[in-house]
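Heads up: numbering here begins at 1 and tracks the sequence.
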Amino acid sequence: MILFGYLKLNTRIFYLLVPILCLAMHSCIKKEVSNPKIQDSLRAFIDQYVDYSADSIDITKRDSVSRIILSLPNSKTNRELTKKFIFKTKCEKEVADYFLKCSLEDKDSLGVGNAYFYIGDYYLRKQMHDSAYSYFLQAENAFDLIKDSINLSKTLLQKAVVLSKNGVFSEAEKQVLHSLNYNTSETPIYHKQMQFMIIGDVFSGLGMLDDATYFYSQALDMLNYDELKSVSSPGINNLKIVYLTSSLGNIYIEQEKYDQADVLLNKIIEKYIDRKNLNSERYYAYVAISLANLKMKQHDLPKVYSLLEEAINIGKKNKNRIIIHSAQLSLVEYYYLNGQKELAGPLLDTINTEVKEVGDFKSQLKALELYIAYAGGDSSKYFEDYIEIGKLFKGETNLVKNNFIRIKAETAKLLKLNRQLSDKNKLLTVIGACLFVIICSILVIYLYRSKMKEVRLIKMFQRDTEQYYNSVINIQNYLNLVKDRERSSMAKELNDGVLNRLFATRFSLIQLGEKEIESKKSILIDEILEVERYIRDISHTIVNEQAIEIQGFEQLIRELVLVYSKESTIKFKVEIDPLLDIESLSHQKKINIYRSIQEMLQNVLIHSKCNICTIYFGHKTPSLLELKIVDNGKGFDSRVTKKGTGLLNIKERIELINGKVFIISKIGGGTTFLFVIPIS
């Protein structure tokens, strides 16, 4: 007691001596089934151990204590101690195996379920996802047998994590929903926060980026709850903040909100990354890769190489192939963008070979995308491989999904066999009662699942209906915005181009004397004719919008170009792919394309200083229309030039018909405006 009182005065010394004390008592453990001093020493070590900040010395001490744990006799108290040790220290698998063995010996169903869960969690940390999924299935079965809803919800959530990491997002979504169904008032806040995180991952994988953003934000807000802070260490909360914030940053990159993504990713590095901590360093590697990808999209290349080099070194240090391959694939793209093809090609070949060997479909797809985008030559072979691997990873023949289905079937078969063997002696005496219970159970489960399926369908229909109405409202808002801008523009043109001229003409007439009438007559007539022509042009613009429905669309385009050709020295040309049927486009698309071309030709006339301008209609793909407006004028720097009202109007018009606008220009090299629009 004196020794322990002294050790409490110096926590660090006590922490160092616990393993030594445990080893010294090792020979006595078998003789003393429940030695309070040994158990108190182990509890003290477990309470003070922090996995987040553990270094190599701490891990060595943890492994020493593991050997003491393995020699403990089987009792309820020692099993609880072992369970707490596994949870706090994230130790090696042999301790969880020992916990499983002791639980089976004592027929402790809850202990068996927890043991399966901890073994699955070990394999998940080691990225051995097949084994992890198999043990989580066994844990789910064990918890289901004792109707432990809290642990069932936790296990289903871990299954969703495994499926999400392997791209099986639809099945992961089902597991998360199943997990949510088991939530009660007793469900811990940290578990609910994890559910929001995983829902964000699933929606992000399914491409539902707005929903993913919402759930990631909710999960971030929950980290500020006092209830959560009291049960989770600051280090773990810090890692969760890094993960959620970087996930939001990646969504912003995908949504082309580059400035917002840049702010978030740099905030993570400056405020939350601890480079001295191994766990935080691994998270930094992923953030560095995301930041490098963002810099490449922003054409800001100088810092990209150093970020990716850091990530690769961290991946090698931690023997993490996912970090290494992700960083190397981004490095290949950097080499191509930087004109270093001699470095990009061999590295891409090496990565492609490695990811094929380990069956990393996601990285294979990324490698093939780089081949198609930059390697040149005959890309048809790479495109065919991309389609085949895409089918294996995402399509109807999804090997990853089928693999988990196979694991589920084999695990269920194994569990069923074990139950049959354990119940063999009891089967003859209770067969009648068992049949009755089984039939009732099947009926109840069937009715319950049918009801839950009906509820899920109702929720899904409600969500889809809400999304549909929201999209209708958004389209209406877009239309109103475009109309308001056009009306404002037309009012300004009438005011500046018509009223001002008429006022000047009227004022001139008032000032004229009788002797000046003949000499000024022709000038005033020309001015009035000019006003008439101006009004006629505006009228022509308005009338043509309705004429698109009753006249040939191609004829209207050619007439529009002819008008601009007569008004300038620029040679305007129209080229239309004979295989393209532009007359089959919807009325809405024709109007927006016509008005966008009209706006662009006006810009060319005023700003380009070119002598040739070509308007080309063709196929981008069988389902995409490609419209190019190319001039050989002075050009401009598209990265720094501020977009005016005209270009914003064009962008809104094209986005309204689900199209994309690309501007390709450089000073002295002319300008190309590219519109890509769905045909159907």
*Hey, mind stepping through Glu281 and Ile273 against side-chain contact (heavy atoms from CB on, under 4.5 Å) and telling me if it holds?*
CA-CA 7 Å; Glu281 187 182 49; Ile273 294 295; over 6 Å; no
- Val176 and Leu180: CA distance, side-chain angles, deciding distance, side-chain contact (heavy atoms from CB on, under 4.5 Å) verdict: CA-CA 6 Å; Val176 174; Leu180 290 170; 4.3 Å; yes
Is the shortest side-chain heavy-atom distance between Met194 and Lys154 below 4.5 Å?
no
Review point. For the ring pair Phe117 and Phe136, is the centre-to-centre distance below 6.0 Å?
Key: yes
Output for pair (Ser179 OG, Gln158 CD), nearest 0.5 Å, gives 9.5 Å
query = Are the aromatic rings of His129 and Tyr133 close, with centres under 6.0 Å apart?
reply = no
Going by the angle between their ring planes, with limits at 30° and 60°, are Tyr116 and Tyr135 parallel, tilted or perpendicular? tilted
Yes or no on side-chain contact (heavy atoms from CB on, under 4.5 Å) for Gln127 and Lys165, after CA distance, side-chain angles and deciding distance?
CA-CA 9 Å; Gln127 299 177 23; Lys165 285 181 179 293; over 6 Å; no
All heavy atoms of Ser109 vs all of Ile146, minimum pair found to be CB-CG2, 3.5 Å
Sorted by chain and number, sequence neighbours left out, side-chain contact (heavy atoms from CB on, under 4.5 Å) with Lys83 holds for Glu80, Phe99, Asn114, Tyr118
Only residue of Leu307, Ile289, Ile312 satisfying side-chain contact (heavy atoms from CB on, under 4.5 Å) with Ser330 is Ile289
Those residues at least two apart in sequence (or on a different chain) that pass salt bridge (charged side-chain N to carboxylate O under 4.0 Å, His left out) with Glu357 are none
| request: May I ask you to test the Lys174-Arg456 pair for a side-chain heavy-atom distance under 4.5 Å? | output: no
Exercise. Decide side chain to side chain donor-acceptor pair (under 3.5 Å) for Ser247 and Asp201; before the verdict, give the C-alpha distance in whole Å, the side-chain angles of both, and the deciding distance to 0.1 Å.
Key: CA-CA 8 Å; Ser247 297; Asp201 289 343; 4.5 Å; no
Exercise for review: Answer yes or no: are there more than 12 heavy-atom neighbours, outside Glu254 itself, under 6.0 Å from its atom CD?
Suggested key: no
- Task: Decide, yes or no, whether a salt bridge links Lys159 with Glu171 under the criterion of side-chain N to carboxylate O below 4.0 Å.
- Result: no
Would you say NZ of Lys90 has more than 12 non-hydrogen atoms from neighbouring residues, nucleotides or ligands within 6.0 angstrom?
yes
Taken in chain and number order and not counting sequence neighbours, the residues that satisfy salt bridge (charged side-chain N to carboxylate O under 4.0 Å, His left out) with Arg125 are Asp121
- Are any non-hydrogen side-chain atoms of Cys91 and Arg62 less than 4.5 angstrom apart? yes
- Please walk me through it: do Ser164 and Glu173 pass side chain to side chain donor-acceptor pair (under 3.5 Å)? CA-CA 9 Å; Ser164 178; Glu173 182 182 19; over 6 Å; no
